[in-house]
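Working notes, beginning with the structure itself.
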Amino acid sequence: MHVAVIGTGYVGLVVGACLAETGNDVICADIDEDKINRLSAGEIPIYEPGLEPLVRRNLDEGRLRFTTDVGFAVRESEIIFIAVGTPPDEDGSADLQHVLRAAEAIGRNMNGEKVVVTKSTVPVGAAARVRAEIEKHTTYPVHVCSNPEFLKEGAAVDDFMKPDRVVVGVDSEYAKKALEELYAPFVRTGKPMLFMSIQSAEITKYAANAMLATRISFMNMVARLCAEVGADVDEVRRGIGTDSRIGPAFLFAGCGYGGSCFPKDVRALVRTLGDYGVDASILEAVERVNDAQKRYLLEVVEDRFEGKQLSGLTFGVWGLSFKPETDDMREAPAIVVVDGLLERGARVQVHDPQALEVAKRHFGDRVTYCEHNYDALTGADALLIITEWKPYRRPDFQKMKRLMRQPIIFDGRNLFEPERMRELGFEYVSMGRPRVVPTLVQAIAAN
Ligand SMILES: NC(=O)c1ccc[n+]([C@@H]2O[C@H](COP(=O)([O-])OP(=O)(O)OC[C@H]3O[C@@H](n4cnc5c(N)ncnc54)[C@H](O)[C@@H]3O)[C@@H](O)[C@H]2O)c1
């Protein structure tokens, strides 16, 4: 099938490459000329496991093309995905200007009957606005449908290739058939393709993200209680996660959610609920808990060093991206933590396996960038772990102690066992688990 993808960011690029991989003729269009030039040369502007070989192969075999000419992509295609950004507006609602601009370009370049798919995360009612915008400029029949994307950054290619389900909101048999044909290779193993009304599909995406964000904030709230009373949130997690009504996923306490989706989608849903007079207090609390959780690690550090000023102290930071396996730092907890340390006069040495270049745009020359995770520990008074990258999980603890001025770890992702850390001679503070301080005997024995 001939497919256009408008917007070649995280989502558009993955969708375009995966659809090309199954034999479709795909044109990815974006207004960012630099991005398109790099992609046309086979250079991938983001870090996403497995994406680079996929793009290169399909580019080489001629099934994937990149252009800045959105009109050309539209004219060449029978199915057009809109995958542009929907950033938050000042009031928290999703800003649809890019989506509507893409719709206008589609309308102006219609040269036959086409299916237009909103892939961007858009509030309920957006597909109707897209249709209205297109129909302002054409009399050719257009079938607008909603196909929200559930891929996770860091596992995006796998998620798109092997989705748990494909959700499609349609109101025409023509669009349903087209999407069924396009997605058939991805649901061969029996995963469901769920056809529903366009409004239901639009709400499904927000409901999914809001539910996941709610589980995270809920567990962070429980972790705060555990920390107060000396309980262990991991024990509580196992205690509730084994209940088949609850299940084990998304129950890990941490230092808050970030990224380009959860924060903005929770805010946008709060706004939509308000627009329709529906009480949004659950989600307002989810957001409030998350904002507080991003600052929590800083508060714990301040308490430990007894004072608001941390000047004269050096902190190593492991992990800057909002989650592992991506270089995306949008709304990452690390931004709040590192900025907070700097505001309090601390010196900060950061490491991240992929996000250092992105981090330079945030922090400039205010922090020291370390190519190796151990370099961030040299002369450090403490280590803060913000993102649970795999190489941080089994580090050389003896080497860490040799490099650090003081063996103190603030672990925002609960990577290590507290008792083991005590035996190793570390003072160890994690999220919702007992804080451990080695006894003098243990400290001497561990050295
Ligand atoms: N990133 C994710 O993990 C994820 C997951 C599911 C859904 N989504 C949703 O998908 C959408 C896209 O997200 P993203 O992370 O890929 O965004 P992004 O910011 O990485 O990419 C958006 C791209 O759209 C381009 N663009 C903007 N206006 C355009 C126009 N008029 N014509 C052509 N190109 C245009 C931009 O130049 C940019 O390259 C958002 O609505 C987001 O909420 C994102």
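Both ligands and their constituent atoms are indexed starting at 1 by order of listing. What you see is a predicted model, and the numbers here were worked out from it, not measured in a lab. Side chains included, hydrogens not; waters and symmetry mates left out as well; all remaining heavy atoms used.
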Compute the shortest N/O to N/O distance between [X] and ligand 1 and return yes if it is under 3.5 Å, no if not.
X	answer
Tyr10	yes
Lys205	no
Lys264	yes
Asp32	no
Lys152	no

May I ask you to decide if Val122's main-chain N or O and Glu202's side chain share a donor-acceptor pair within less than 3.5 Å? no
Determine whether a donor-acceptor pair (N or O, by modelled atom type, separation under 3.5 Å) exists between the side chain of Thr387 and the backbone of Trp389. no
Quick one: does ligand 1 sit under 4.0 Å from the side chain of [X], the backbone, both or neither, non-hydrogen atoms only?
X	result
Ser120	both
Arg330	side chain
Cys261	side chain

Selected option - heavy-atom contact closest to atom 12 (C) of ligand 1, from Val84, Thr68, Thr8: Val84
To atom 41 (O) of ligand 1, the nearest of Thr86, Val11, Asp328 on a heavy-atom basis is Thr86
Would you please say whether a donor-acceptor pair under 3.5 Å links the side chains of Tyr428 and Asp411? yes
With no hydrogens and no angle check, do the side chains of Tyr296 and Asn220 hold a donor and an acceptor under 3.5 Å apart? no
Per the side-chain hydrogen bond (donor to acceptor under 3.5 Å, both in side chains) rule, which among Arg344, Arg366, His362 passes with Asp339? Arg366
